[in-house]
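Inspection log for the structure reproduced underneath, given as structure tokens.
Position 1 is the first residue of the sequence; numbering continues from there. One-based numbering, in listed order, for ligands and for the atoms of each. All values reported here derive from a predicted model rather than from experimental measurement.
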Amino acid sequence: MKVILLGSGNTATVLAKMIVKAEHEVVQVWSRNFDHAKALAAKVRAQPIATLDELSGEADLCIMAVSDAAIPQLAKQLQLRRKVLVHTAGSVSRDVLRNSSPNYGVLYPLQSLRKEMLVIPPVPFLIDGNSDEVNALLEDFAHSLSDNVQFVDDAARLNMHLAAVMVSNFTNHLYALTEDYCKDRNLDFKLLHPLIIEVACRLTQGHAVDMQTGPARRGDEETIKKHLLLLEIDEHLQDLYRELSESIQKLYRKK
Ligand SMILES: NC(=O)c1ccc[n+]([C@@H]2O[C@H](COP(=O)([O-])OP(=O)(O)OC[C@H]3O[C@@H](n4cnc5c(N)ncnc54)[C@H](OP(=O)(O)O)[C@@H]3O)[C@@H](O)[C@H]2O)c1
């Protein structure tokens with residue numbers, strides 16, 4: 001398949017690599033900043049373009065991987081005749097593209113993507129086209145990149161995006177706060193890496209609710225008190241610790 005990429009950030013870069021690996025062709029890369037388009041185009045031997053007037057008529061699929069807020073603005077500047085136009089956002093409606101091409105949809109990669117990634121992890125794709133024809137093309141294309149492809153409409157994709165924020169962005173924020181906590185006390189955060197990996201990997205073997213351990217799960221008020229005392233100098237972390245401990249206790253009281 002011949003693909004055009006609009007955007008040159010984290011998602012466009014990782015998708016470009018996956019697309020080439022799957023033996024499709026990235027024919028052109030456009031980005032708001034032409035230097036960014038040139039840099040990404042060079043990585044996948046594509047033509048960088050500076051304006052949307054230069055879009056190739058040959059491509060089958062045009063992937064708009066730009067910031068969520070930029071999607072409606074960019075959509076207004078596009079008037080495609082036949083090629084399928086998709087965006088890659090979890091929380092943006094499919095129909096923002098309705099006036100930009102007769103064939104449109106969403107190709108949402110349910111993964112945390114960073115351009116610096118050396119190894120591309122498995123990426124589930126949630127897809128949603130505006131017709132059976134578009135769905136068939138998106139299904140074939142997504143399956144060439146991933147073993148895990150599902151049709152998901154706007155409402156379910158938005159819910160899934162929220163779930164992704166909870167398990168990925170929020171846990172990562174806790175890692176960031178904990179890393180700082182360790183640094184302030186001359187503790188080696190890296191000692192916690194095996195624990196982080198073990199707890200995440202366990203999820204493939206069962207339900208999170210059955211895997212919970214720790215003082216809050218055991219109802220160990222003495223230890224919780226000691227920990228909260230240690231956090232007296234950091235009100236924000238103390239509040240978070242208290243809130244999360246109460247949330248764990250509430251969940252198991254209900255059961
Ligand atoms: N990264 C992820 O983990 C991830 C996962 C799933 C879905 N997504 C979705 O993928 C899309 C892109 O996210 P990203 O993570 O790749 O973002 P990003 O790394 O911040 O890149 C943003 C891209 O949007 C372009 N852009 C920003 N404002 C623009 C505007 N006003 N007009 C035109 N282009 C503009 C930037 O162009 P320049 O660099 O040329 O300025 C850049 O190419 C978003 O819809 C996001 O929700 C991201």
Seminar exercise, completed: Looking only at protein heavy atoms, what sits closest to atom 46 (C) of ligand 1 is Asp68 OD1, 3.4 Å
For this session: Note the single closest protein heavy atom to atom 6 (C) of ligand 1, along with its residue, its atom name and the distance in Å.
Result: Pro109 O, 3.1 Å
Seminar exercise, completed: shortest atom 9 (C) of ligand 1-to-protein heavy-atom contact is with Thr88 O, 3.3 Å
For this session: Check each atom of ligand 1 against the heavy atoms of Gln73 and keep those under 4.0 Å away; list them by number with element.
Result: 31 (N)
For this session: Start with the C-alpha distance between Asp95 and Arg98, add both sets of side-chain angles, then the distance that settles salt bridge (charged side-chain N to carboxylate O under 4.0 Å, His left out), and finish with yes or no.
Result: CA-CA 5 Å; Asp95 290 338; Arg98 87 157 27 113; 3.5 Å; yes
Seminar exercise, completed: Nearest non-hydrogen protein atom to atom 43 (O) of ligand 1, with distance, is Ser8 N, 2.8 Å
Problem set entry | Polar proximity ligand 1 side, Leu74 side, N/O cut 3.5 Å exclusive | no
Exercise. Ignoring hydrogens and geometry, is there a side-chain-to-backbone donor-acceptor pair from Asp210 to Gly206 under 3.5 Å?
Worked result: no
For this session: Please identify which atoms of ligand 1 are closer than 4.0 Å to at least one heavy atom of Ser112.
Result: 3 (O)
Problem set entry | Salt bridge flag under 4.0 Å for residues Glu246 and Lys250 | no
Exercise. Salt bridge (charged side-chain N to carboxylate O under 4.0 Å, His left out) between Asp128 and Arg94: does it pass, once the steps are laid out?
Worked result: CA-CA 8 Å; Asp128 184 20; Arg94 182 189 75 180; 3.2 Å; yes
Problem set entry | N/O separation below 3.5 Å, Trp30 to ligand 1 | no
Problem set entry | salt_bridge(Lys183, Asp180) N-O dist < 4.0 Å | no
Exercise. Would one find more than 12 heavy atoms of other residues, nucleotides or ligands at under 6.0 Å from atom CG of Asp147?
Worked result: no
For this session: Ignoring angles and geometry beyond distance, decide whether Tyr108 reaches within less than 3.5 Å of ligand 1 through its nitrogen or oxygen atoms.
Result: no
Exercise. What's the shortest distance from atom 30 (C) of ligand 1 to any protein heavy atom, and which residue and atom give it?
Worked result: Ala70 CB, 3.3 Å
Exercise. Nearest protein heavy-atom contact for atom 12 (C) of ligand 1: which residue, which atom, what distance?
Worked result: Val66 O, 3.5 Å
Problem set entry | Arg202 vs Glu198, salt bridge (charged side-chain N to carboxylate O under 4.0 Å, His left out): CA-CA, chis, key distance, verdict | CA-CA 6 Å; Arg202 250 183 230 164; Glu198 165 59 22; 3.0 Å; yes
For this session: Return yes when atom CG of Asn99 has more than 12 non-hydrogen atoms of other residues, nucleotides or ligands closer than 6.0 Å, and no otherwise.
Result: no
Exercise. How far is atom 42 (C) of ligand 1 from its nearest protein heavy atom, and which residue and atom name does that atom have?
Worked result: Gly9 N, 3.9 Å
For this session: Measure from atom 20 (O) of ligand 1 to the protein's non-hydrogen atoms and state whether any distance is below 4.0 Å.
Result: no
Exercise. Within a reach of under 6.0 Å around CZ of Arg45, are more than 12 heavy atoms found that belong to other residues, nucleotides or ligands?
Worked result: no
Exercise. Purely on distance, is any nitrogen or oxygen of Gly90 under 3.5 Å from one on ligand 1?
Worked result: no
Exercise. Quick check: does Arg32 get an N/O under 3.5 Å from an N/O on ligand 1?
Worked result: yes
For this session: Output yes when a protein non-hydrogen atom is found under 4.0 Å of atom 17 (O) of ligand 1, and no otherwise.
Result: no
Exercise. Does ligand 1 have any atom sitting under 4.0 Å from a heavy atom of His87?
Worked result: no
Exercise. For Glu133, does the CD atom sit with more than 12 other heavy atoms under 6.0 Å from it, leaving out its own atoms?
Worked result: no
Problem set entry | Within 6.0 angstrom of Gln150 CD, more than 12 heavy atoms from elsewhere | no
Exercise. Counting heavy atoms only, which of Ala164, Ser67, Ser91 is nearest atom 26 (N) of ligand 1?
Worked result: Ser67
For this session: For the pair Ser31 (side chain) and Phe34 (backbone), establish whether a donor and an acceptor sit closer than 3.5 Å, ignoring hydrogens and angles.
Result: no
Seminar exercise, completed: among protein heavy atoms, the one nearest atom 4 (C) of ligand 1 is Thr11 OG1, 3.4 Å
Seminar exercise, completed: A student comparing Ala39, Ser31, Gly7 should find that the heavy atom closest to atom 40 (O) of ligand 1 comes from Ser31
